[in-house]
Each structure stands twice: as structure tokens, then as C-alpha cells.
2 protein chains.
Amino acid sequence: MDKINSESKEVKFLRSSLTDENPYMTTDDCLKWLEDQRKQTYIQIKQIPFTNLLQWYFEKHTGNLFHESRRFFSIVGANVNTNWGVVTEWSQPIINQPEIGILGILTKEIDNILYFLMQAKIEPGNINYVQLSPTLQATKSNYTKVHKGDTPEYLDYFLDSTNNTVLLDQLQSEQGARFLKKRNRNIIIEVDGDIPLKDNFCWLTLGQIIKLMEHDNVVNMDTRTVISGIQFGSFSKESVELNNELEIGCKDSSVYHSDLLTSVLENTGALNSTDDIISWITKMKTNYELDVERIPLNTVKGWLKDDYKIYHESKSYFSIIAVIVEIGNREVRSWTQPLIKAEQEGIIAFLVKKINGIYHFLVQAKLEAGNFDIVEMAPTVQCITGNYRNATSEYRPPFLDYVLNARPEAVKYSAFQSEEGGRFYREQNRNLIIEVDDYFPPDIPENYEWLTLNQLKQFIKYNNYLNIQARSLLASIGFK
Amino acid sequence: MDKINSESKEVKFLRSSLTDENPYMTTDDCLKWLEDQRKQTYIQIKQIPFTNLLQWYFEKHTGNLFHESRRFFSIVGANVNTNWGVVTEWSQPIINQPEIGILGILTKEIDNILYFLMQAKIEPGNINYVQLSPTLQATKSNYTKVHKGDTPEYLDYFLDSTNNTVLLDQLQSEQGARFLKKRNRNIIIEVDGDIPLKDNFCWLTLGQIIKLMEHDNVVNMDTRTVISGIQFGSFSKESVELNNELEIGCKDSSVYHSDLLTSVLENTGALNSTDDIISWITKMKTNYELDVERIPLNTVKGWLKDDYKIYHESKSYFSIIAVIVEIGNREVRSWTQPLIKAEQEGIIAFLVKKINGIYHFLVQAKLEAGNFDIVEMAPTVQCITGNYRNATSEYRPPFLDYVLNARPEAVKYSAFQSEEGGRFYREQNRNLIIEVDDYFPPDIPENYEWLTLNQLKQFIKYNNYLNIQARSLLASIGFK
């Protein structure tokens, strides 16, 4: 019997996730503090014609959109050939940002509880301007100090972690439909000594961050991806039961939440073994082909460009726009940049079901153009609203009806969450977790599989398995 | 305490690996049988000028070398930019074969021992023509029956495995210096019913296959990669000790071999945790950049073409040649094809060291042009002989002296092993495992790390972690 070691990082994370009291800042105070930040900050964002972009230009022969430094990101074309889905060939604009950025959170144990250093960060594309972000969001240009500009706060902790403890350090993907193989390094570091608390930063427990995800658009995408990688440990059924009794039980949790805790901790009782799941994903990667060729943006078919936007002729999917941003408290900074604007909101939903008494999540092997490795594990339903409203059954995503027609008591989680505000213009998607019952049909399409939370967490640890939509949704799962 | 389940697939594999007696074919008989196959088969292979290639042609504007069906493989150019190593920009010819092939082995339990169905397979590039291959080696063109030609033997077992048990099913990479992101599906299936034994096939235990790897060029590359993925299970120190005593002890093993068994089974006592290793590889992938652009073969710099070959101006690395092959017993088949010819033999070596009483392997994070994910875990030393003989220290691979100057008793394994005979012309590399002692310097360069066998096996399970050279060398490790 494995006794759970209360000093392990997994138990530290778990203890923090079960804590939503905080003597430094309550969850309600945090919401008010963010609201104050929004009020204090002068911010204006206006769409402009492309010709008014400063330092950004369309390359002559290709039509690709570059920053004059050739850093940050660029917008290029991609030609996609695949045997996945109904449409097997298309071209599209795509964001190219080959550098690996850092998304880092500093943590510190105070009175036996791990606190996370979070930032109230203004990002131009955010629907509400200010959201809770990791301690550090830095592009490689930022952290290698290649270009001018202020050094981000707390950067040095991440460049040299030798005096502190690395709790998590993973390479994770971004949106495959928008980015060409973009990935970020997700890091959590525990600091032993004192950390000065800068303006716009605060200390929160993991439980508070998870609670804040019940609100719309408070916790930003970058925080959600880092949080999703946190491991809570892996134990036999007996250990989980014993330890629940003895030590880490959360007596004030609902049945649903303590059942989620069982699903994340227990490494026995899953419907499929880890090897079965690796075999399934291997088969999917073998069966489905993805050939993506970078092409000039001006050769992308079915996309039009006017003075203000590059858009699909059907007016679906997304468009590329240009904006001027003015931000400031005392001093006002101003710049122009391109942003991606989604044409519709989307739905991101996991169906969950108790199998052998343990919650399993229905995972989809989904192919997207920018995926690093053909298919990634995605939520059960991940689609653009509107696309399906009048859709014929051929185009209608599987399991969508279970999401749209769920009884209220089956909706275990529902909130709007934003995409990254540095690239996307006011984009939010409805995130849902829906419980289905024993009447749910046992036969599922070959690119779907049931996994426990414990298994999903295991796959997150290794590269390129779960897509950012799946990770983001899993980040919202608490145990209290 | 986990009692090892003697019916688990891990223990089945382990029992087979500890068995080298075989009532159907002894190991010596297998060597003779292969020799007989070589004698019985008429085979001739001759270098020809490119103009004599049938069905293969150089594309006009690009100089790329294609088969007229546009299937099989093609030879294209790659332009590489990286910040890894001394040379940061180069271009080179590279094999493009985007389809995922199947390397599959059928197994069957007879009298409680798992037997592997192996094939004596002729491949044109093999130095000795016939080597021991998996039950099935099939390209996607083969197994989807797109083009004419015989259906490979035993294919149906792999296309539909529902009546049998999948023991292993992983996507694994090929040589990153030669192939552009090529991968194969590695599968092992256990069959319940009878399997007809076709000509040129035989049943061997895993222990026999490993013993045959002590001989030069007997077990082919495709067999070695499949074997390397086999998991023997993962247990606490106490479980390993107890179970060694009770059940699966190999009393006739040497100390070295039973220490290797400990290193593969024990999941405690490693110098670095799995999370530490993921953090290390994350850091390497973040620090090192790899930008590979496909370019026309005729724009590759520093490479020359004459009537018979495409070669580097320094006459190092490799060349591309054309051959005519004649093979037959009763009936003679003949075809022409391009092959890759290495200009020098290479060295592939792991340094191993006992740390905390457990064997650890010194792993290199190595960047190669065709790598799927920037760096892969490679052997301690992986280099071309000759390159280093007069090399200045700058170009001299780290740890090479430990390999070249090893005392005989420190050489735990040494054999020549062949690269894949369908693409490579008589290419063999010296594979070595060298034990180093406590005087070995504790400070290692940042792109090296110590892993136990148990940890290496864990990383093999997930995609894109270990390169084929590392996997091939690990396949040779037995416990008896």
C-alpha cells in the first residue's frame, strides 16, 4: 500500500487545490481587484485599415504579413491535404510563430499551502481587457532580450532555476486551427526565499484559481494551459480510499467533486489501459494523413482581402484585422498590430460518464492543420457555433445534441473562456462539462475513446498528446 | 507490495527473454538456417548509371528523384538552420517517405513461453543479403494494396486484430539524418489460434533473438526497433527483490545481466525523476531551434552529381547511387532502385554506469535534420568513423575517447549491426555498450543525462522520444 507522501509536490498541489481560503486576498476580493484594474487602466482599441499598420507589412511577392523585425509572429498561408473528415483539401491563413515562448508561474509555500503568483494582465484582444495571467508570459524575443523593450517582471527566476525547485516543465501546443505547430514551455517553479510582490500581481491558492474559472473570462488561456499540466499523483484504489479517510479527504466536497478526485488519483479501474490508449492513438496517426505545405498568403484559395480584413468568402471561420491599441495608467503606450477575429463563438465540451464507478471523459482524436503530430486528443465536441445550426448530418459534429440538449442537472460546468488576447480579438468559447448516464450508447466512432482524469493527466505530461482546448477545459476541474 | 502477475504481458515478455532453449529451432540452427537461405537464393546487385533506372526519374525543374507512381519514397533536398552544434546552416539530400509503414511481429504462447514469428528476409542493401526480419514489413502502399504486387504474408493479422491481443503498438521514428520525419507503426500481436508456418519463417523466443544480436548483421533494423519497445513492467525495489527470489529469478545469469534486469524493472532509485527528465528535454527543445525547409534537390549546396552518384564534395557523409537487383530461387525477379550509400562506418555507443547501485545509461539529446521533434534521446556517442580521426576537439564528439580506449572488460556489448536494407547500401555501424566506473567525471554537458533502463523503456512508449540508434542498441540488452 502506497502511503501518500504529504511532502511530495503532488500532495502540495492537491492541498492547494482544496484550499479556497486565503488570508491575503479572498476570491471575491480578487474579482474586485481585477475590476479595479480594468477601471484604472485607460485602454482603447480600434480597427484600422492595413495601410495604417506601423512596422508591419505585406511582403511583396507572397502577401505574407510580417513585422519588420521578422520576430513576433507572421501570417502566412497553408495548403492542407488530409483524409480526415469531409473536406480533404483546403488552404487557409495561419499564424507562424516558430519560437517557443515561456508561460511560467512562481509558487511559494506559506503556512503549508502553496500559493501561485498571478498577474492582472492587460491584453489588447481580451473582451474585458484584464484577465488573470501567469507570473510570466514571454516570447523568445522577450526572454532572450533580442529586441528593445522592458524586461518582463520575474523573468530571472525562469532563466535560472538552480536555486529553486521546478515543479512542472512541459512543452505544450496551441490552437492547431490557427497556429502552425506553435508550442510554449509551461513552467511552475517553487521559490524558497522571499519574492517581492510587484504592482498588478497577487498570491492565490490553486483552489481559488479553479473557482475563478467558474466565472466568464477571468482566468486567461495561458494560465489555464499551465494549470492543466499539474499532476496530483497516481495511486491504487486502496491507497486512494485509505488516504481519503486519513489525510486528504475533503469532507465538504460534493459527491461529484470527490468522485472527480477519485478519477484523477486512481490508476486502477480504467476502461482502457495506457497501452490500449497508445495503441488507439497510434492507429489514428497511422490512418489519418496530414500534409501541410506553407504557401504564400496571397495564393490561399477562397479567402478575400479588402482594406480592413482578410476573410473567407463564406464569412465563416475567422478574419485577420488590424488594430491600433492605446494603453496606459500614467503614461500611454500605443502600437498597431494584426489580430485574428473569430466569426462565431464556439463550443468546447467534454461528455463524462461513470464507468466502473470512475468518471471517464470522452476524448476525440482530432486533426487540425497546425497540429504538431497529426491528431491530438480533443474535447468530445469542439466546433464553431453557427456552422452546425443548419448543418446536414454529414457536417454535424458527433455528440453535439448531447451538449445542446443537456438537462440542467447534467451540466456540471459551463463558462465562457477567452482565447489568448495577444493574438485573438475578443474571442470566447463556451466551455462545458456534461454528464451522461447509462443510456448513453456504448458504441462510439473509432476516433473517440474513454479516459479517466488520471490517464489524461498522464498523457499531458508527455508532449503533443492533448490539444489546448482539452487542456483548458480540464484546468477548470476542482475537487471541492 | 506489488506481486508480479505472472499472466501479464510484461511477465510473458520477460519469461520469453530469459528463455533461449527452443525445441523447434535452436539458436545455432537458426544461424545455419539463415546461412542456407543465403546460399539457396540467387542474388546479384550491381551499381548502374542513373540513366538506367527504370520507373525512377529526376523531376525536371527540381532534380528531385521520384518513382513514377509517386509512391515508395523520393529523394529531395532539405535546407537546415539550427543553433545546435558547430555547423548551424547546411543543405543536404534527404529521403522523403511521409507514409507510415507497419513493422509487425506475430507471437504465440506455446507451453507457457511466448514465441516470435520471424522471417528470413532478403533485402538488396543488406551486406549479407538475408537477415532476420519481423513477420511483416509493409509500406502503406503494400498494406492498402494500392499498387500491384503480391500481398505480404500474414498481412491480415495486422489489418484486423480484433480476434487477437495487441501486446505493443507504437509509432517510432527512423534515422533523422537520412529521413524527413519518417515513422513506422511498430506492432506485436499475440495470436490465440494456430498460425500456419510459411516458407522462410521460423519461431524464436525473445531470448534467442537477443542472443542473435550478439552476432554481426543477423537481426535487421526493423526487428530491433520493434523489440526495443517491449515493456517488462515497472516495480518498486522491494517487489523486484522479492519476485527475483520467488519466481522470475534467473539463477544462471551473470551479475551484469541480473543488474540490467534490476535496471529495467525497478522504478525507484533513479538519479533523476521522470519529471526531471521531461524538464530536461523540454529545456533542450526550447533552447535548440531546428528549421527545416524542403528545397529542390538540385539546389542543395556542396553536393555534386555525376552519372553514377550524388555525393558531397568532401566525399564524406553519404552518396545516392542507383542499382539493379536480381533475386530469385526458381523464378528471378529484377528491378532497379536508388539506394543510400554511407561513406564511412559509424559508432553507436552507450556509456553505462552504476549509480545508487542501478545501471544508468548516459543519454544525449541530439538534433538531426529529419527529427520529428527537434531533439531525440540518442546514444552517448553516435558519429561517423573517420570524421573524428583527425578532428579538432571542436568537432570531436564528447565521450568518444571512453569508447575508443575502453578496456576489454569494460566492453559489455560489441557487434556490427545493419541499417535497413531496403534503403541503405551495405551500411553497418559498430554498436557498443561500455561500462564506466566511479572515476567518470560527474559533470556532463547540458545535453546529456543519466537514465535507468526502466526510464528509457517508459519514454519509448510515448512518441518521438528515443531515436532509432538508441532503440536499436537497447534492443540488444538481455538479462541472461
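These figures come from a predicted structure and were not determined experimentally. Lettering follows sequence order; numbering is per chain, from 1.
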| message | Test side chain to side chain contact (heavy atoms under 4.5 Å, CB included) on B:Arg183 and A:Thr282; report intermediate values, then the result. | response | CA-CA 11 Å; B:Arg183 297 188 299 180; A:Thr282 299; over 6 Å; no
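- Looking only at distances, no side-chain donor or acceptor of B:Lys285 sits under 3.5 Å from a matching main-chain atom of A:Arg185.
- Under the 30°/60° scheme for interplanar angles, the aromatic rings of A:Tyr462 and B:Tyr462 are found to lie parallel.
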| Can you check side chain to side chain contact (heavy atoms under 4.5 Å, CB included) on A:Asp373 and B:Asn464, steps first, answer last? | CA-CA 10 Å; A:Asp373 194 0; B:Asn464 308 322; 3.5 Å; yes
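- Contacts between A:Phe372 and chain B at a heavy-atom distance below 4.5 Å involve backbone atoms as well as side-chain atoms.
- B:Glu10 CD to A:Asp275 CG: the interatomic distance, rounded to the nearest 0.5 Å, is 6.5 Å.
- You'll find the side chain of B:Glu289 stays beyond 4.5 Å of the side chain of A:Ile100, heavy atoms only.
- By the 4.5 Å heavy-atom criterion applied to side chains, B:Leu171 and A:Lys283 are not counted as neighbours.
- B:Glu99 contributes atom CD, which lies 11.0 Å from atom CG of A:Asp291 (distance to the nearest 0.5 angstrom).
- Side chain of A:Ser279 to main chain of B:Asp169: no donor-acceptor pair is present (N/O by atom type, distance under 3.5 Å, no hydrogens or angles).
- For the side chain to side chain contact (heavy atoms under 4.5 Å, CB included) test, residues two or more places apart in sequence or in another chain that qualify with A:Pro445 are A:Phe399, A:Asn447, A:Tyr448.
- When heavy atoms are compared at a cutoff of 4.5 Å, A:Ile277 does not approach chain B at all.
- Heavy atoms closer than 4.5 Å to chain A are found nowhere in B:Leu290, neither backbone nor side chain.
- To the nearest 0.5 angstrom, B:Lys140 atom NZ is 7.0 Å from A:Thr286 atom OG1.
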